[in-house]
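Written out below as structure tokens is the structure these notes cover.
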Number of protein chains: 2
Amino acid sequence: MDISARADYAVRALLVLAEDPTADRAHPSDELARRAGVPAKFLEAILGDLRRAGFVSSRRGSSGGYLLARPPAEITLGEVLRTVDGPLAEVRGQRPHETHYEGSAEHLATVWVAARAALRRVLDETTLEQVLEGRLPEHVRAMAELPDAWESR
Amino acid sequence: MDISARADYAVRALLVLAEDPTADRAHPSDELARRAGVPAKFLEAILGDLRRAGFVSSRRGSSGGYLLARPPAEITLGEVLRTVDGPLAEVRGQRPHETHYEGSAEHLATVWVAARAALRRVLDETTLEQVLEGRLPEHVRAMAELPDAWESR
DNA sequence: ATGAAACCTAGCGGACAAGTAGGGAATATA
DNA sequence: TATATTCCCTACTTGTCCGCTAGGTTTCAT
């Protein structure tokens with residue numbers, strides 16, 4: 001799992017937007033960049049992706065900027081990561097369920113699919129709102145509280 | 001989760017080795033390449049990594065080749081992937097537990113750590129032997145049998 | 001009209017992935 | 001002892017992506 005800078009920045013910018021309860025004021029990209037602590041010009045490009053994917057809408061001109069296009073409770077991290085980074089899981093450039101092995105590696109595909117499913121259970125079931133409020137789903141919190149979850153390996 | 005070709009090949013070669021019950025006959029790299037269906041010269045380099053990491057031992061000269069250095073029941077996929085591909089999970093090049101966020105993104109690190117823990121539970125608890133025999137751990141099998149696990153998203 | 005903002009295209013430097021090529025060193029076997 | 005075999009090492013190629021910057025054009029509120 002390689003979360004790119006793009007993806008990390010995208011999530012953080014969306015969180016800043018989600019923070020604002022008044023859904024009518026647009027936030028310029030450089031304000032978001034400053035508040036999220038990410039490179040301004042780079043974020044501009046990322047916001048373009050997020051707009052095309054329907055996560056945010058934009059207004060041009062003065063007093064323009066970006067706004068969340070969907071409620072934060074309905075945007076999952078998984079969705080955001082996919083639009084910015086592509087598929088959550090790949091094996092040699094293929095989707096896990098499209099891999100095919102014979103002989104001794106026959107059951108390998110099952111493991112890859114299981115790994116992806118495990119990822120999905122975390123990322124597709126956690127919303128911006130939950131991250132914002134620190135109220136993560138029970139099974140996600142459980143994962144993070146596993147004995148060595150915060151240890152290096 | 002991006003399983004590289006290197007990592008995929010490494011696992012497949014190890015599985016071919018694990019297939020052989022007689023632990024005394026060495027298998028030349030080009031035999032492994034043929035039987036695993038991977039580029040020969042490339043595999044040679046990968047086997048070098050696996051040797052340095054202690055997964056296989058090697059013998060030079062005629063009737064030389066590679067042998068498993070540890071029992072297949074004690075080699076997990078996670079270990080193999082780490083030696084070949086580096087850390088299982090990274091966020092902007094950092095380890096998940098080393099990320100630090102403030103403000104609205106404060107709880108993001110917890111999600112990244114949870115995602116990594118979920119991955120670990122699949123990859124660090126599945127051994128070569130289990131893959132070889134199709135006897136995956138119960139919770140891994142359960143993941144792969146989740147409703148849409150084999151569907152694209 | 002003017003300034004603020006989104007939007008678009010282009011490019012750049014570095015890293016990495018997936019190999020390939022070729023040769024040197026060790027070693028079992030004839 | 002000769003020889004074929006195999007590991008082992010270094011280097012190189014080719015392409016792609018990542019992170020980021022630059023500079024201009026269009027749209028729009030005031």
Side-chain angles (χ1 to χ4, degrees), chain A residues 1-13 17 24-53 55-69 81 83-87 90-94, chain B residues 1-13 17 24-53 55-69 81 83-87 90-94:
Chain A
M1 184 187 58
D2 275 13
I3 310 289
S4 67
R6 281 182 83 81
D8 186 57
Y9 295 165
V11 172
R12 282 155 65 182
L17 277 177
D24 59 334
R25 204 189 117 231
H27 299 266
S29 75
D30 53 356
E31 175 206 329
L32 295 177
R34 194 174 23 77
R35 289 177 51 194
V38 315
K41 261 316 212 178
F42 194 22
L43 182 58
E44 215 181 298
I46 298 168
L47 285 166
D49 291 344
L50 294 177
R51 177 179 50 80
R52 278 180 287 272
F55 294 104
V56 300
S57 55
S58 62
R59 289 193 202 142
R60 296 169 103 154
S62 69
S63 85
Y66 294 89
L67 326 95
L68 267 197
L81 296 192
T83 68
V84 172
D85 269 2
E90 282 185 334
V91 180
R92 286 178 56 211
Q94 296 185 347
Chain B
M1 184 186 60
D2 275 13
I3 311 288
S4 67
R6 281 182 83 79
D8 185 56
Y9 296 164
V11 173
R12 281 155 65 181
L17 276 178
D24 58 335
R25 203 189 118 231
H27 299 266
S29 77
D30 53 356
E31 175 205 329
L32 296 177
R34 194 175 21 81
R35 289 178 49 195
V38 316
K41 260 316 212 178
F42 194 23
L43 181 59
E44 218 181 297
I46 298 168
L47 285 165
D49 291 345
L50 294 177
R51 176 178 51 80
R52 279 181 286 273
F55 293 106
V56 300
S57 55
S58 62
R59 288 191 202 142
R60 295 171 105 158
S62 70
S63 86
Y66 293 90
L67 326 94
L68 266 197
L81 297 192
T83 69
V84 173
D85 269 2
E90 282 185 335
V91 179
R92 284 179 56 211
Q94 297 185 349

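Numbered from 1 within each chain, the chains take letters A, B, ... in sequence-line order.
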Atom CD1 of Ile3(A) and atom CD of Gln94(B): how far apart are they, to the nearest 0.5 Å? 12.5 Å
Report the residue (Ala45(B) or Gly61(B)) whose heavy-atom-nearest nucleotide on DNA chain C is the more 5′ of the two. Ala45(B)
Checking side-chain contact (heavy atoms from CB on, under 4.5 Å) for the pair Asp24(B)/Leu67(B): CA distance, chi angles, key distance, verdict? CA-CA 8 Å; Asp24(B) 58 335; Leu67(B) 326 94; 5.5 Å; no
In plain terms, say whether Lys41(B) and Glu44(B) are close enough for a salt bridge, that is, a side-chain N and a carboxylate O under 4.0 Å apart. yes
Without decimals, in angstroms, what is the distance between Leu50(B) CG and dC8(D) C1'? 14 Å
Roughly how far, to the nearest 0.5 Å, is the CE atom of Met1(A) from the CG atom of Asp85(A)? 10.5 Å
Report yes if at least one side-chain N or O of Tyr66(B) is closer than 4.0 Å to OP1 or OP2 of dC8(D); otherwise report no. yes
Heavy-atom donor-acceptor pair, Lys41(A) side-chain to dG19(D) base, under 3.5 Å: no
Is Ser29(A) close enough to dA6(C) that one of its side-chain N or O atoms is under 4.0 Å from OP1 or OP2 there? yes
Using atom CG of Leu43(B) as one end and atom C1' of dT20(C) as the other, report the distance to the nearest whole Å. 14 Å
At under 4.0 Å between heavy atoms, what does Arg92(B) touch on the DNA or RNA strands: base, sugar-phosphate, or nothing? nothing
Expressed in angstrom and rounded to an integer, what is the separation of Glu90(A) atom CD from dA18(C) atom P? 11 Å
Atom pair CZ (Arg12(B)) and CG (Leu43(B)), whose distance is rounded to the nearest 0.5 Å: 10.0 Å
To the closest 0.5 Å, what do you measure between CG (Leu81(A)) and CG (Asp2(A))? 11.5 Å
Find the distance Leu81(B):CG to dA17(C):P and express it as a whole number of Å. 14 Å
Please determine if a side-chain N or O atom of Arg59(B) lies less than 4.0 Å away from the OP1 or OP2 oxygen of dA25(C). no
So does Ser58(A) get a side-chain nitrogen or oxygen closer than 4.0 Å to the phosphate oxygens (OP1/OP2) of dC7(C)? yes
Would you kindly give the CG-to-C1' distance between Leu47(A) and dA5(C), to the nearest whole Å? 12 Å
Taking the side chain of Ser63(A) as heavy atoms from C-beta outward, which of dC7(D), dC8(C), dT30(D) is closest to it? dT30(D)
Closest to the Arg51(A) side chain: dA18(C), dC8(D), dC7(C)? dC7(C)
Please classify the nucleic acid contact of Gly48(B) as base, sugar-phosphate, or nothing, using heavy-atom distances under 4.0 Å. nothing
Answer yes or no: does a side-chain N or O of Ser62(A) lie under 4.0 Å from OP1 or OP2 of dA5(C)? no
Between atom CZ in Arg25(A) and atom C1' in dA29(D), what is the gap in whole Å? 15 Å
Please check the phosphate of dA4(D) (OP1 and OP2 only) for any side-chain N or O of Arg60(B) closer than 4.0 Å. no
I'd like to know if Glu44(B) reaches the base of dC7(D) with its side chain such that a donor and an acceptor end up less than 3.5 angstrom apart. no
Which part of the nucleic acid, if any, lies within contact of Gly65(A), taking any heavy atom under 4.0 Å across all strands shown: a base, the sugar-phosphate backbone alone, or nothing? sugar-phosphate
Contact under 4.0 Å: Tyr9(B) side-chain N or O vs dG19(C) OP1/OP2: yes
In whole angstroms, the gap separating P of dT5(D) from CG of Leu32(B) amounts to 17 Å
Can you tell me how far C1' of dT6(D) sits from CD of Glu31(B), to the nearest Å? 12 Å
